[in-house]
Trainee: 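One structure coming up, written as structure tokens, with questions to follow.
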Amino acid sequence: MDKEAVAAVLLEIGTLLELKGENPFKTRAYQNGARVLEGLSEPLETIVAEGRLEGMAGIGEALREKITTLVTTGRLPYYEELKASIPPGLVEMLGLQGVGPKKVKKLHDELGVDSIESLEAACQAGKVAALDGFGEKSQSKILEAIAFRRQFASRHRLVDALNEAEPILEALRGHPDVTRCSTAGSLRRWKEVIGDIDFVVSSRNPAAVIAFFVAQPRIASVLAQGETKASVLLESGIQADLRVVSDREYPFALAYFTGSKEHNIAMRQRAIAEGLRLNEYGLFRSHEETRDPALREECPDEEAIYRRLGMGYVEPELREDHGEMAAAAADSMPRLVQWTDLKGSLHNHSNWSDGRNSLEEIAEHMQELGLSYWAITDHSRASFQANGLDPKRLREQIRAVGQVNRQVADEGMDFRLLTGTEVDVLKESLDFPDDLLAELDVVVASLHVPGSSEAENTRRLVMAASNPQVHMLGHPSGRLLLERDAYKVNLDAVIDACAAHGTWIELNASPYRFDLDWRLWQRATAKGVKCVINCDAHRLEHAGFLRLGAGIARKGWLTKRDVVNTLPLETLRRELARKRGK
DNA sequence: GCCGTTTTCGGCCCGACTGTTTTCAGTCG
């Protein structure tokens, strides 16, 4: 078993223990253990074989044994027995809003409820309301939660959440009672998939702000409304939460609600080590009274909070407990790439294959955006469903691109289109011969029709990475967020092959992909692999993906130096040529 | 289940909201 599989088992054990009514800290120990494994930068098999689980923070004797068993045998009797003792429907019930482990246990013990369906029936029969600790209200809330779950999967792509959040944030910003405001939560951390939208506002008149918030357009229902917070369900199915605090408390609330939960826990522990106590209202010089203003440390902004704890500032994108606490404490945080550093995109389509726009339209639009270059990398012939180009059409396209570039040059513009292809990685070869690839400025190699085995897909991508004509691998995992999982592939081996051959890896900035995953970039750059943030644009407005992709690159700790398409055109041309010399 | 320069036992991050309660448990973020 690899580390993802082992981590998934540990997480599930945590959930099952919760349902059994186990000590919540035991549950957390399993969740922590899973996160430790996910953050490992080398194969778990190696670590286990070399006995290096010993001494790893968060992995004690019990977890070490269980992990070792899972890695070496692929099974764990403890887990299998635990799983068999709990009906699978109970885990599903935990996903309902307002239903936690205690309630699930009670519903199961007292009513024999073992699935969402039987829970719904029990509610309709009025049995839930009659239970001790439940009532009419909780029964109807459960029915609502079941209906909500049926209507919407409660996870949303970043871009959809941004499109909902930005107009509301603008509205809040314009309200006279709002002093400061921001998004928070996973949206501010730029997670590729988010659960709900969080806003934090400072105001002297919270009631007015809350009333204004719940009256925003496109709200389907108000889920909760108190004196300091409110929750609404937007018509799009995304939940949005608002928290209102005083301006003095604002930096603390913003930090707190930005999370992640793991980052917050680490921050609190650091505060305790400094003899302080941190919560969403402030940083206090006492363990006794948590909200006494006289004991509050003054921090006008988030930077000041980190400074007071003896750390450098941590950008929101990095607050994932992925090493940022140690880096900030050592004041060695990287200077992250910014989307305005990007000079163009090296993987894009035109109406020659499955894109919408002509070469002329693309050139005009991208130079108006202030970009320096834009590669046209249409599909190769194997992607016939996408109208892939054969060698003859590709050579025609090379000439057409040259023509557009001559026009652009005649107008005195610095902008250039680059010729290229997104060549299919077939079973034994690339879809174009090397001599044709050599005629192109940019070659992206992508696996579009994966095989069923990890070994085969890995072999194919390693083959592509080893071809001197290939500049970069496109969307190396093939995942489509919330739609399709990654194909089976050993990305560690692929990263190693890219490192060995100087081949770059794309960070596909399409909001459906964000592939390579941000969690793997620290590992890739540590091995010297460069990143290219590509739009994979199929229409003009997809140029906006550069902003999304840059945010994901920041989550991966990437600096300007790590990202090839921050280079100006002439330097980029040299790098493209140099890559082929390797 | 993890962890320790106060501890090898007894802690483990913290507060708001909701509903069922009459002082609090459960859930959520």
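Residue numbering restarts at 1 for every chain, and letters A, B, ... go by the order of the sequence lines.
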Trainee: Mind checking the P distance from B:dT20 to B:dC28? Whole angstroms is fine.
Mentor: 15 Å
Trainee: Output the rounded distance in Å from CD1 (A:Ile142) to C1' (B:dT18).
Mentor: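 Atom CD1 in A:Ile142 sits about 13 Å away from atom C1' in B:dT18.
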Trainee: Using the P atoms only, state how far B:dT5 lies from B:dG1, rounded to an integer number of Å.
Mentor: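 It works out to 23 Å between them.
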Trainee: For the residue pair A:Tyr30 and A:Tyr78, categorise the inter-ring angle as parallel (less than 30°), tilted (30 to 60°) or perpendicular (more than 60°).
Mentor: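 A:Tyr30 vs A:Tyr78 ring planes: parallel.
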Trainee: Counting only side-chain heavy atoms from C-beta out, which of B:dT21, B:dT27, B:dT18 sits nearest to A:Ala224?
Mentor: B:dT18
Trainee: Which is true for A:Ile13 with a 4.0 Å heavy-atom rule: it touches a base, it touches only sugar-phosphate, or it touches nothing?
Mentor: nothing
Trainee: Side chain of A:Glu280: nearest nucleotide among B:dT27, B:dT18, B:dG15?
Mentor: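 Side chain of A:Glu280 sits closest to B:dG15.
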Trainee: Write down the distance separating the P atoms in B:dG15 and B:dT23, rounded off to the nearest Å.
Mentor: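 23 Å, rounded to whole Å.
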Trainee: At what distance, to the nearest 0.5 angstrom, does NZ of A:Lys103 lie from CG of A:Leu96?
Mentor: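 Atom-to-atom, A:Lys103:NZ and A:Leu96:CG are 11.0 Å apart.
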Trainee: For the side chain of A:Asn279, starting at C-beta, report the closest nucleotide among B:dT18, B:dT21, B:dG15.
Mentor: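 Of all the options, the side chain of A:Asn279 is nearest to B:dG15.
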Trainee: For A:Leu17, answer base if it contacts any base atom (sugar-phosphate contacts may also be present), sugar-phosphate if it contacts only those atoms, and nothing otherwise; contact means non-hydrogen atoms under 4.0 Å.
Mentor: nothing
Trainee: Of the nucleotides B:dG1, B:dG19, B:dG29, which has the atom closest to the A:Asp196 side chain?
Mentor: B:dG29
Trainee: Report the relative orientation of the aromatic rings in A:Phe212 and A:His175; use parallel for angles under 30°, tilted for 30 to 60°, perpendicular for over 60°.
Mentor: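 Taking A:His175 first and then A:Phe212, their aromatic rings sit tilted (interplane angle of 30° to 60°).
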Trainee: Using a 4.0 Å heavy-atom cut-off, does A:Glu61 contact any base of the nucleic acid, only the sugar-phosphate backbone, or nothing at all?
Mentor: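 Since only primed, P, OP1 and OP2 atoms lie under 4.0 Å of A:Glu61, the category is sugar-phosphate.
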Trainee: Which of the following nucleotides, B:dC3, B:dC2, B:dA16, is nearest to the side chain of A:Lys229?
Mentor: B:dA16
Trainee: Does B:dG26 have its OP1 or OP2 closer than 4.0 Å to a side-chain nitrogen or oxygen of A:Lys105?
Mentor: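 So the side-chain polar atoms of A:Lys105 never come under 4.0 Å of the phosphate oxygens OP1 or OP2 of B:dG26.
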Trainee: Does atom NZ of A:Lys261 have more than 12 heavy-atom neighbours, drawn from other residues, nucleotides or ligands, at distances under 6.0 Å?
Mentor: no
Trainee: Hey, does A:Pro24 reach any base, or is it just sugar-phosphate, or nothing, if we go heavy atoms under 4.0 Å?
Mentor: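 Counting heavy atoms under 4.0 Å across all strands, no contact is made by A:Pro24.
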Trainee: Starting at NZ of A:Lys106 and ending at C1' of B:dT20, how long is that distance when rounded to a whole Å?
Mentor: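 Answer to the nearest Å: 11 Å.
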Trainee: Students often get this wrong, so: under 4.0 angstrom with heavy atoms, is A:Asn23 touching a base, only sugar-phosphate, or nothing?
Mentor: base
Trainee: If you only use heavy atoms from C-beta on, which nucleotide in B:dG1, B:dC14, B:dG19 is closest to the side chain of A:Tyr256?
Mentor: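 Nearest nucleotide to the side chain: B:dC14.
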Trainee: May I ask which nucleotide in the shown strands pairs with B:dC14, Watson-Crick or G-U wobble, both distances under 3.5 Å?
Mentor: B:dG29
Trainee: What's the gap between B:dC2 and B:dT6 when it is taken at their P atoms, as a whole Å value?
Mentor: 23 Å
Trainee: Which nucleotide sits closest to the side chain of A:Arg277: B:dT21, B:dC14, B:dG1?
Mentor: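 Nearest nucleotide to the side chain: B:dC14.
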Trainee: Across the strands shown, which category fits A:Thr228 at heavy-atom distances under 4.0 angstrom: base, sugar-phosphate, nothing?
Mentor: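 Sugar-phosphate contact only.
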Trainee: Check this for me, if you would: do A:Glu50 and A:Arg52 make a salt bridge, where the nitrogen-to-carboxylate-oxygen distance has to be below 4.0 angstrom?
Mentor: yes
Trainee: Just to be sure I understand the rule, does A:Glu18 reach a base, reach only the sugar-phosphate, or reach nothing, if contact means heavy atoms closer than 4.0 Å?
Mentor: nothing
Trainee: Does B:dA16 have its OP1 or OP2 closer than 4.0 Å to a side-chain nitrogen or oxygen of A:Tyr281?
Mentor: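 Yes, A:Tyr281 has a side-chain N/O under 4.0 Å of OP1/OP2 on B:dA16.
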Trainee: Can you check the distance between B:dT21 and B:dT27, where both ends of the measurement are the P atom (answer in whole Å)?
Mentor: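 So the two P atoms sit 15 Å from each other.
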Trainee: When the distance from CD of A:Glu136 to P of B:dT20 is rounded to whole Å, what number comes out?
Mentor: 8 Å
Trainee: Write down the distance between CD (A:Glu22) and P (B:dC2), rounded to a whole number of angstrom.
Mentor: 13 Å
Trainee: Do the side-chain N or O atoms of A:Ser138 get closer than 4.0 angstrom to the phosphate oxygens (OP1, OP2) of B:dT20?
Mentor: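 It does, given that an N or O in the side chain of A:Ser138 lies less than 4.0 Å from OP1 or OP2 of B:dT20.
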Trainee: What nucleotide, of B:dT20, B:dG29, B:dT18, holds the atom closest to the side chain of A:Asp198?
Mentor: B:dG29
Trainee: Are A:Glu54 and A:Arg64 close enough for a salt bridge, meaning some N to O gap below 4.0 Å?
Mentor: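 Between A:Arg64 and A:Glu54 there is a salt bridge, with a charged N closer than 4.0 Å to a carboxylate O.
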Trainee: On a whole-Å scale, what distance lies between the C1' atoms belonging to B:dC12 and B:dT8?
Mentor: 15 Å
Trainee: Within less than 4.0 Å of OP1 or OP2 of B:dC2, is there a side-chain N or O belonging to A:Lys26?
Mentor: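 For B:dC2, neither OP1 nor OP2 has a side-chain N or O of A:Lys26 closer than 4.0 Å.
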Trainee: Taking the minimum atom-to-atom distance to the side chain of A:Arg28, which one of B:dC12, B:dG15, B:dG1 wins?
Mentor: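 Closest of the options to the side chain of A:Arg28: B:dC12.
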Trainee: Are any of the side-chain nitrogens in A:Glu298 or A:Arg248 under 4.0 Å away from the carboxylate oxygens of its partner?
Mentor: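 A salt bridge is present here (some side-chain N lies under 4.0 Å from a carboxylate O).
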Trainee: Specify the separation, in whole Å, of atom CG of A:Leu53 and atom P of B:dC2.
Mentor: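 Roughly 11 Å, once rounded to whole Å.
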Trainee: In whole Å, what is the span from the CG atom of A:Leu96 to the C1' atom of B:dG26?
Mentor: 15 Å
